[in-house]
Amino acid sequence: MDEMLVRQLQIHACRIRMGIIDGVYHAKSGHPGGSLSIADLLTYLYFTRMHVYPDNPDFAERDRLVLSKGHTAPALYAALAEKGFFPMDEMKTLRHIGARLQGHPCITIPGVDMSSGSLGQGISVACGMALAGKHRNDSYRVYTVLGDGEIEEGQVWEAAMFAAHYGLDNLTAIVDNNGLQIDGKITDVCSPEPIPAKFEAFGWRVFEADAHDFNDLDRVFREAERVTGQPVAIIQHSVKGKGVSFMENQVSWHGTAPNAEQYEKAMDELKEALSRLEAQA
Amino acid sequence: MSDVIKKATRESYGEALTALADKYPNLVVLDADLAAATKTGIFKKAYPDRHYDCGIAEANMMGVAAGLAAAGMIPFASSFAMFAAGRAFEIVRNSIGYPHLNVKIGATHAGISVGEDGATHQCCEDIALMRTIPGMTIINPADDTEAKAAVEAAILHEGPVYCRFGRLAVPVINDPASYKFEIGRGVTLREGSDAAVIATGLMVNEALIAAETLANEGISVRVINMHTIKPLDEEIVLAAAKECGTIITAEEHSIIGGLGSAVAECVCAACPVPVRRVGVNDTFGHSGPAVELLKQFGLSAEHIAEVVREAVRAK
């Protein structure tokens, strides 16, 4: 991947992280940890892979993304704002009464392809979208992002069976493997491991990637696009809370908003990172 | 009565889908390993490329239906009422109802008339469950004619629709040549002034028989076919309340949360009159031949007539 492009993506990702923190802080609630762990992934998808159109969000042939781990809506909203679907400043209205940025993704928000948040359901919906594409010979692709805790839901495996059975090679499921869920480590709560072997056993082509390395994401997604006849699962190894030092790998930041002091600290870190990146760009 | 034509509305469902397939090219059918029973097998045979079996996985099927609809298709997701409304309730609520997607749910084998399979498959709670979902339309047709009309009306309606069909062959009471179906509009099948029976599904025919019996006793009974439970035709309900003074509801469903509840909620707010509910009386079913079960659970013309007599006496 071109170094300048990587730098540009890092800048987008940094702004998206600032949007996440801004949103969760002003909402006084929300899920920063798992939002930060998918900030790079959503940056990569929305700025390199996906054909989406902020001035025509409902374009029928667009690529689609279903955020199955819907509690990380702040990441999706900030990515859509960064892409131009609505102003980044709107993140400050997240979860406010009367605002359109609901606590979990809502289909009426520009750029949001599906309401989600009840875990395990988004991947089924993504299967339906991919099936519609196959049925009509459309060329769009469908992405769905799952949590590693989320895949404890049985519906995920119903969907996994379905996608393989119908050879949905226009579907890519990304499992955000940050290793933590609300009650603790996924391996302590009720382990879904081994994740790659499970998807393989269900008939999926599986790749693994470093969730915070754009070159690695690019390598894997490009390879994934060449797969035919079966759906693709990308297990991305990520750090919960990535990009804000005191939130990294801390399960306590799964669903907690920062206080004023923590907010300032987080924003200062991100602003500093952003100026560093901009200086290099 | 040997010349009465009988047909199960699940068959009407499979036949209607097949008959309408060419007219509506976006229509696709999903099933969960029950295509033979839900009668979507008829469609599958005629249009194999437009039928997707999801296997025994109703939760995923409802999600797949949501995705198909979000991408512009008109999916009919088919299963038994128990699994479509019961097992998959939360997916129907969150993935179909909340985003108000254009999914049609074809729920067959509703009610006690499933028969021999017994309580685990006799769903008498589905209308109650579906009624609580904002924006959900619920249609419970009375016969073959109405079931077929309901399928096309569901296709033409933008938004989620729950269509409820039965396993048992029931008399065809509506003339297909003249019958007009409109979602949300009840049909007065018989005028009357002493009492009004508001019935749905296979209980409509029982209500007509009861009204005939009661006419011979000098009791004038209005019979309303309420094929759409939601949105409820409040106008026809309130007119019945005002003009007849007492209402009896009849449904092959729990007396909790179904048509009886919907009618009672409507009249208690705007024109309170006694409402007596004929239905499954807060109990599970059990195995047995469908026709005998219907009698045993009081889902019969005889029982409706008894309740009407009591209602009229109490006026």
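Every chain is numbered from 1 and lettered A, B, ... according to where its sequence line falls, protein lines coming before strand lines. All figures in this text were calculated on a predicted structure; none of them were measured in a lab.
- Taking non-hydrogen atoms and a 4.5 Å limit, the residue list of residues 82-94 of chain B in contact with chain A, ordered by number, reads B:E90, B:I91, B:N94.
- The minimum heavy-atom distance linking A:R136 with B:A71 is given by the pair NH1-O, 2.6 Å.
- Other residues, nucleotides and ligands contribute over 12 non-hydrogen atoms within 6.0 Å of the NZ atom of A:K134.
- Closest of all the heavy-atom pairs between B:S95 and A:M114 is O-CE, 3.2 Å.
- Within a 6.0 Å radius of CD in B:E116, other residues, nucleotides and ligands contribute more than 12 heavy atoms.
- If you measure heavy-atom distances from A:A159 to chain B, the contacts under 4.5 Å come from both the backbone and the side chain.
- In this structure, A:M161 CE and B:I56 CD1 are separated by 9.5 Å, a value rounded to the nearest 0.5 Å.
- For A:E61, no part lies near chain B; criterion is any non-hydrogen pair under 4.5 Å.
- Rounded to the nearest 0.5 angstrom, A:I123 CD1 and B:N60 CG are separated by 8.5 Å.
- Contact annotation: the side chain of B:H100 never approaches that of A:I107 to less than 4.5 Å [non-hydrogen atoms, C-beta and beyond].
- By a heavy-atom distance cut of under 4.5 Å, B:D49, B:R50, B:Y52, B:D53 are the residues of residues 39-53 of chain B near chain A, going up by number.
- For the atom pair A:H104 NE2 and B:Y98 OH, the distance stands at 10.0 Å (nearest 0.5 Å).
- Interatomic distance, B:C54 SG to A:E158 CD, rounded to the nearest 0.5 Å: 9.5 Å.
- At most 12 heavy atoms of other shown residues, nucleotides or ligands fall within 6.0 angstrom of atom NE2 in A:H51.
- Within 6.0 Å of OH on A:Y53 lie more than 12 heavy atoms contributed by other residues, nucleotides or ligands.
- The structure places CE of B:M61 at 11.5 Å from CD of A:Q155, a figure rounded to the nearest 0.5 Å.
- When all heavy atoms of A:M129 and B:A70 are compared, the pair lying nearest together is CE-CB, 3.9 Å.
- Taking the side chain as every heavy atom from C-beta outward, A:L131 and B:L68 approach each other to under 4.5 Å.
- Here CD1 of B:I96 is found 12.0 Å from OG of A:S115. Values are rounded to the nearest 0.5 Å.
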